[in-house]
Amino acid sequence: YEKEKDRGAADEFTKYRSPLVSRYASKEMAFNFSDRKKFTTWRRLWIYLAKAEKSLGLPITDAQILEMESHADNIDFAMAAEEERKLRHDVMAHVHTFAHCCPTAAPIIHLGATSCYVGDNTDLIMLRDGFDILLPKLARVIDRLANFAEKYADLPTLGFTHYQPAQLTTVGKRACLWLQDLAMDMRNLQRARDDLRFRGVKGTTGTQASFLQLFQGEHEKVEQLDNMVTEMAGFKKAYLVTGQTYSRKVDIDCLSNLASLGATVHKICTDIRLLANLKEIEEPFEKEQIGSSAMPYKRNPMRAERCCSLARHLVALMADPLQTASVQWLERTLDDSANRRISLPESFLTADIILSTLQNITEGLVVYPKVIERHIRHELPFMATENIIMAMVKAGGNRQDCHEKIRVLSQEAAAVVKQEGGDNDLLARVQRDPYFAPILGQLDALLDPKTFIGRAPQQVTRFLSEEVRPLLEPYKAKMDVKIELEL
């Protein structure tokens, strides 16, 4: 550090910067949890409080409120930092800083309030606004995947269970598995956002005692004060009971839904990585992008890997609010503060970048039908054995005899594939065996991949029309935004 300082290196390169902000997250989400947003919100909350107190009869003047409003965005951050160094109290540091530029209003700033009036209420505003940033992004991901699912609704592809070839599905139907999880996340995030309430005006331990004293025992005015400030802050309801803070289970509710979204994205992007290895589907790849410094031919699924990497962090952050809520003694302890300064913003910042990255992926997914078809041809003869047996029985054959014939030929073909590295030649073996002569004319139809996909195309159509498209209706106006990922 001393060497860098001697070289005159810029401050930003001589200290740690969170990659969530410096490298990944969007400007709007980074601003949502910024000091600028936080402390200007504190000032607006002090203005709301003063306006409500004045309207309910406390001796506060229009001049005092006008003075506060004229300096709402004029924050001397250096002065606030110096005040906090002296006072060891962030809220009081900003009260003093605000009072310095509002000398007339100084006596009534923060009147009757406790630190959590600005701290917790601001956190709830940031959580609400964070969801409002995430929801349209999630809607766009769902929209892009829905378009993809519709386009490939009837393209047969190998299904996989245990990552072993299984009965055929379609590319579009598989995308609907992803979509179903994302739709669940969409509903969960919307519900968590709508369930958020305001802490409101509750006083030091949540009893509103200081405000009851200010209004000389008039309970109705205290309730009106709480309701008025809640409405000014854009909330429909406040929590009726709080300690010094709102219940930290609210944080659990918010972050658990983000963590669940992280699990969904990790699964989707892992699937894409597996399919990229099979060369069936790839994420977008820039014209001049380098996949490997040593292996020029490589097209690594870097975007999907980034999503998985960050999704693990998002899931891991869930432990913080669980533990924090469990140790909030009585009306509150302060051991929540430092933890929440990290876990709340990081959860939203991480969710933000994985949604932006996933949108970029889903806007440029590349499908290789010929590769998919080759993989089907390689496995389908084994899967068609039951169809062949049924056809032979209809042609007058004995089911048990046919089963044994197919079993022997299948084992021989499997040996060619596994021991010799050859192609699956079961079909050729069936064609050469005189036993199967009665159905040779049916073999092409029996091996048509579209006869193995069941109702997959119909399921895609119904699922998209009944469950996905209606979910996106409220976000139609925000669908046109494309993501150009900064790599």
Side-chain angles (χ1 to χ4, degrees), residues 149 152-178 180 267 270-282 367-463:
Y152 295 104
D154 58 357
L155 178 62
T157 188
L158 277 179
F160 285 89
T161 59
H162 316 275
Y163 201 42
Q164 303 300 313
Q167 192 175 70
L168 269 59
T169 182
T170 69
V171 172
K173 170 65 189 299
R174 177 178 286 144
C176 285
L177 299 181
W178 302 337
Q180 182 163 251
K267 184 266 191 292
T270 300
D271 284 356
I272 291 171
R273 292 163 67 189
L274 292 170
L275 293 168
N277 173 261
L278 297 174
K279 297 180 175 59
E280 292 190 357
I281 291 179
E282 285 182 345
V367 177
Y368 295 105
K370 293 296 183 184
V371 177
I372 292 172
E373 183 184 350
R374 184 172 75 242
H375 289 158
I376 290 174
R377 284 201 311 270
H378 192 69
E379 300 290 345
L380 194 60
F382 292 141
M383 297 177 192
T385 53
E386 187 174 6
N387 288 10
I388 293 173
I389 291 172
M390 294 301 101
M392 279 297 298
V393 170
K394 287 179 181 178
N398 178 283
R399 193 263 176 201
Q400 313 312 329
D401 293 342
C402 185
H403 183 278
E404 179 59 18
K405 283 275 189 183
I406 287 286
R407 187 188 69 80
V408 171
L409 295 180
S410 295
Q411 295 293 333
E412 291 172 355
V416 171
V417 173
K418 294 178 180 179
Q419 296 174 21
E420 301 175 20
D423 291 333
N424 187 338
D425 64 354
L426 175 59
L427 182 58
R429 292 174 186 273
V430 169
Q431 289 171 327
R432 289 196 300 267
D433 193 319
Y435 177 82
F436 294 99
I439 64 164
L440 288 183
Q442 302 176 44
L443 281 180
D444 286 344
L446 292 174
L447 287 164
D448 180 358
K450 288 189 182 268
T451 65
F452 289 82
I453 60 175
R455 297 190 64 254
Q458 291 76 18
Q459 288 180 354
V460 171
T461 300
R462 183 177 177 188
F463 176 67

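Below, each value reflects all heavy atoms present in this structure, side chains not excepted, and no hydrogens, waters or symmetry copies.
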Return a table of donor-acceptor pairs under 3.5 angstrom between the side chains of residues 410-423 and protein atoms on other chains or two or more places apart.
residue: S410; atom: OG; partner: I406; partner atom: O; Å: 2.8
residue: E412; atom: OE1; partner: R429; partner atom: NH1; Å: 3.1

- Message: Counting C-beta onward and ignoring hydrogens, is there a side-chain heavy-atom pair between L380 and L168 closer than 4.5 Å?
- Response: yes
- Atom CD of E280 and atom CZ of R174: how far apart are they, to the nearest 0.5 Å? 6.5 Å
- How many angstroms lie between atom CD1 of I388 and atom CG of L443, to the nearest 0.5 angstrom? 6.0 Å
- Item | Interatomic distance, I439 atom CD1 to Q431 atom CD [nearest 0.5 angstrom] | 10.0 Å
- Message: Looking at E386, I'd like to know if its CD atom is crowded, meaning that more than 12 non-hydrogen atoms belonging to other residues, nucleotides or ligands lie closer than 6.0 Å.
- Response: no
- Query: Are the side chain of T461 and the backbone N or O of P457 linked by a donor-acceptor pair below 3.5 Å?
  - Reply: yes
- Query: What are the two closest non-hydrogen atoms of A456 and K173, and how far apart are they?
  - Reply: CB-CB, 3.9 Å
- Message: Is it true that, when you exclude R462 itself, more than 12 heavy atoms of the residues, nucleotides or ligands shown sit nearer than 6.0 Å to its CZ?
- Response: no
- Counting only heavy atoms not in H375, do more than 12 sit closer than 6.0 Å to its NE2 atom? yes
- Test item: F436 and L409 side chains (from C-beta on) under 4.5 Å apart, heavy atoms: yes
- Message: With a 3.5 Å distance limit and no angle check, can you tell me whether K450 reaches the backbone of D154 through a side-chain donor-acceptor pair?
- Response: yes
- Query: Are the side chain of D425 and the backbone of A428 linked by a donor-acceptor contact shorter than 3.5 Å?
  - Reply: no
- Query: How long is the span from the CG atom in N277 to the CD1 atom in I272, to the nearest 0.5 Å?
  - Reply: 14.0 Å
- Nearest heavy atoms of E282 and Y368, plus distance in Å: OE1-OH, 3.0 Å
- Y435 vs D401 side-chain heavy atoms within contact, under 4.5 Å: yes
- Hey, what do you get for CH2 (W178) to CG (D271), rounding to the nearest 0.5 Å? 5.5 Å
- Would you say V460 and Y152 make side-chain contact, with heavy atoms under 4.5 Å? no
